[in-house]
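Worksheet for the structure shown next.
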4 protein chains.
Amino acid sequence: MTADRPLRADARRNRAKVLEAAETVFATRGTGASTEEIAQAAGVGIGTVFRHFPTKEALLEAVFLSRLDRLAAQLRAAADQPDPGRAFREQIALAVDASPAKNAIADALAAAGVELDAVKAGVGTGVRDALDLLLRRAQSAGAVRADLDVPTVMALLIGASYGVEAAGDDRGRRALVINVLLDGMSAG
Amino acid sequence: MTADRPLRADARRNRAKVLEAAETVFATRGTGASTEEIAQAAGVGIGTVFRHFPTKEALLEAVFLSRLDRLAAQLRAAADQPDPGRAFREQIALAVDASPAKNAIADALAAAGVELDAVKAGVGTGVRDALDLLLRRAQSAGAVRADLDVPTVMALLIGASYGVEAAGDDRGRRALVINVLLDGMSAG
Amino acid sequence: MTADRPLRADARRNRAKVLEAAETVFATRGTGASTEEIAQAAGVGIGTVFRHFPTKEALLEAVFLSRLDRLAAQLRAAADQPDPGRAFREQIALAVDASPAKNAIADALAAAGVELDAVKAGVGTGVRDALDLLLRRAQSAGAVRADLDVPTVMALLIGASYGVEAAGDDRGRRALVINVLLDGMSAG
Amino acid sequence: MTADRPLRADARRNRAKVLEAAETVFATRGTGASTEEIAQAAGVGIGTVFRHFPTKEALLEAVFLSRLDRLAAQLRAAADQPDPGRAFREQIALAVDASPAKNAIADALAAAGVELDAVKAGVGTGVRDALDLLLRRAQSAGAVRADLDVPTVMALLIGASYGVEAAGDDRGRRALVINVLLDGMSAG
DNA sequence: TATGAATGAGCATTCATTCAT
DNA sequence: TATGAATGAATGCTCATTCAT
């Protein structure tokens, strides 16, 4: 009975608009931003936000997952670069530098009692697998210490994200933070 | 700056009770915990909380600063240990492992638009100076890379706190995270 | 008054489906049930519900009237039974026992400020006339007190419906409530 | 620590104001009336309403219980009248005639899934016991049929309340409804 | 005509903050 | 100075109704 086309195009567009607006607003004003504010930023009625995301928590989660999806895609794209050590380093640096806003969202979700691991697991083979590949290759190439596994690298990534955030606007300092992390991860 | 009328003994006691309760409650239930809940935990009326801390933000700030004060004291106590490199490493590890709950508070403050740097500066010569001493000595001893300065170390500390938190309950993983950080900071 | 273009066959079918679903849903989940829920139960889109009943109130009214229609038909069918007193008693008992769900609807309508009398008048010669016939015959036969008129009997019916509802699931108690009512209405 | 006097006087007065306003507003505009409206009618802030009644449901319940309490008091006061049959009849008539607005509240509570019986039981020995006394005495005096028990009388009372309400403004008709009920309850 | 996405007014509830006692 | 009742702005969420497809 219910197909998936007619107005579905508009609906999908609205969903995307909301998601995008939410990402921006949460990043800008924090996760405490009101749903109303997001609706306005998206240019839709508040009812529309709740139609697509039945709960503020659901919206937060969706934003978080969409970020993780993008990260996974990015990591995957780097998997076939020639120099495994370099690929690893570059991706870590990129991931860390891009993530500050994600942290707040993760925090908010955690505060709401959401099982973050479960959520991440939902991304499935996403980030985890992509990272796994990058890491293994870098370790095989002798570029990264052998005692690191994916969960630990993820913890380090998260930490570095906050570290970079704490470093403020000073480009040099941010780079230094990342550099320390990479040095710590390198073999030898 | 602020006139510091010594504060009647019972008043001071109340202030301390509130601060302590706030630290516990914020750590336990998150910074979203209501002021009322803190008042109850402290065994005082809500009016008393607001008499001592005119704003929830002020209370959060006070809790954060009190933690920093304790950290400063700890760092200072380590300044005269014989082996500067070891002292540095030990203190970093200690600070990081003890800090998880602090993070949420710093986040909340940041979200509230409080200039964290300013606040930290307010601890004055506290953490900053103690850390400066430890760092310089370790660098002179050739145990820590020379391109690190205090603000960067603080950023790294903050990041490592979150990293450890993200590592979860796995003792080994937590240690590994700290280890990576220390390796990254070490000279050579 | 209202132009009654025969309504395309499928349209009529939809109208009936909605009415039926509404009756069930209102009875099951109360009159606070959302229109959306009714649409789903009827297997139609929400737009269709509103096409046939421009207002939730209108839908409620239609359900109510449809019940009254059935009641009228039932009363009419009993009009030619041989024993007028017995017919009256049986019909009263039947009407009362079947009506609990109707009460909630009548309440909701009343709460919405609908003139219930006007609505009932709309059923026209329906319940009123059928009841009139039954009552007169029973009174003529000396089975029912002479000071009762149709409006009063209707008020008693409504009251008894709620009484039975209040009696709960206890079959014996429900019967007793009806019995008291019938005794009160009987002559002598 | 917490005594029960100082500002308690004001608080109690406010609680009473809210309860009274709620009773009026619910009776006037139905139980769908907004809490805000009640706050305004009571001349207090909306927060005050929620301080005293943590939920709209709780407020509804309190209003209902307060009515039942008054009814119980009234019934109890009639217990020592000389003529038990007369006392019973008078009290039933009074209770029924005074109750219209109560019905809506009972309905709302029932709709909210509140166990009405439990609530009524909470009035404790209130209405139930007072009614029990009246009923027994009237039955002993041979004025009321012996097969009635308290729960059934309560169901009849509720039904009669609605019946009277349905009878509208016509004094004569209202009296007739009550009369039928009393006749049905009388012995012989 | 049917559909269901969009809309936004309306509601219950929370909580930081104020102030009378 | 301590208390806790009062306040009301703000928020998440629901639902009847509209309208583009």
Side-chain angles (χ1 to χ4, degrees), chain A residues 1-3 5-15 18 32-39 43-57 59, chain B residues 7-8 10-11 14 32-40 44-59, chain C residues 7-8 10-11 14 32-40 43-59, chain D residues 1-3 5-15 18 32-39 43-59:
Chain A
M1 291 292 140
T2 39
R5 266 127 302 155
L7 208 138
R8 222 47 174 218
D10 270 48
R12 187 149 37 217
R13 211 171 310 138
N14 267 337
R15 205 195 117 99
V18 170
S34 79
T35 314
E36 177 70 44
E37 196 173 346
I38 288 165
V44 304
I46 202 185
T48 301
V49 176
F50 278 95
R51 163 171 281 269
H52 289 290
F53 307 94
T55 280
K56 195 189 179 183
E57 199 177 300
L59 179 54
Chain B
L7 220 50
R8 280 171 28 182
D10 56 337
N14 269 339
S34 79
T35 314
E36 178 71 44
E37 195 173 349
I38 289 165
Q40 274 171 14
V44 304
I46 200 185
T48 302
V49 175
F50 276 90
R51 164 168 291 273
H52 289 292
F53 307 93
T55 277
K56 193 188 182 184
E57 202 178 299
L59 178 54
Chain C
L7 220 49
R8 279 169 30 181
D10 58 336
N14 269 340
S34 79
T35 314
E36 179 71 43
E37 196 174 347
I38 289 164
Q40 273 171 14
V44 303
I46 201 185
T48 302
V49 175
F50 276 91
R51 164 167 291 273
H52 289 292
F53 308 93
T55 278
K56 192 188 183 183
E57 202 177 298
L59 178 55
Chain D
M1 287 297 139
T2 38
R5 265 127 301 156
L7 208 139
R8 222 45 172 218
D10 271 47
R12 186 147 39 217
R13 211 172 309 137
N14 267 337
R15 204 195 117 99
V18 170
S34 79
T35 314
E36 177 70 43
E37 196 173 347
I38 289 164
V44 305
I46 201 185
T48 301
V49 175
F50 277 92
R51 163 170 281 269
H52 290 292
F53 307 94
T55 278
K56 193 188 180 183
E57 201 177 300
L59 179 54

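Below, read A as the first sequence line, B as the second, and so on, with proteins coming before strands; counting in each chain starts at 1.
Closest to the T55(C) side chain, of the nucleotides dT17(F), dT17(E), dA6(E), is dT17(F). Comparing atom distances between the R51(D) side chain and each of dA6(F), dT13(E), dA2(E) picks out dA6(F) as nearest.
Residue order along DNA chain E, read from the 5' end via each residue's closest nucleotide, puts T48(C) first among P54(B) and T48(C). In this structure, G43(D) and V44(B) both approach DNA chain F, and ranking their closest nucleotides by distance from the 5' end singles out V44(B).
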Report, one pair per line, the protein and nucleotides 9-11 of chain E atoms (nitrogen or oxygen only) whose separation is under 3.5 Å.
none

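Scanning all heavy atoms of the two residues, the minimum distance from K56(D) to F50(D) falls at N-CE2, 4.5 Å. Contact record, A33(B) with E37(B): CB-OE1, 3.9 Å, taken as the closest heavy-atom pair. Among all heavy-atom pairs drawn from A39(B) and I46(B), the shortest one is CB-CA, 3.8 Å. Closest approach of I38(A) to V18(A), counting heavy atoms only: CG2-O, 4.2 Å.
Separating the CD atom of E37(C) from the P atom of dG4(E) is a distance of 16 Å, rounded to the nearest angstrom. Rounding to whole angstrom units, CZ of residue F50(D) and P of dC15(E) are separated by 13 Å. For the pair R12(D) CZ and dA6(F) P, the computed distance is 12 Å after rounding to whole Å. One atom, CD of E57(C), and another, P of dC15(F), lie 18 Å apart when rounded to the nearest Å. Here dA6(F) presents its P atom at 12 Å from CZ of R15(D), a figure rounded to the nearest Å. As a whole-Å value, the separation of R13(A) CZ from dT21(F) C1' is 12 Å. Distance E36(B) CD to dT3(F) P: 12 Å, rounded to the nearest Å. In this structure, H52(C) places its NE2 atom 12 Å from C1' of dT3(E), rounding to the nearest Å.
Side-chain atoms of T55(B) do not come within 3.5 Å of backbone N or O of A58(B) as any donor-acceptor pair.
To the nearest 0.5 angstrom, H52(A) atom NE2 is 5.0 Å from N14(A) atom CG. To the nearest 0.5 Å, atoms CZ (R13(D)) and CG (D10(D)) are separated by 4.5 Å.
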- Task: Any chance you could encode DNA chain E as dot-bracket? Rule is Watson-Crick or G-U wobble with both distances under 3.5 Å; [ ] for pairs crossing earlier ones, | for another strand.
- Result: .||||||||||||||||||||
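Close to dA2(F), at under 4.0 Å from its OP1 or OP2, lies a side-chain N or O of N14(B).
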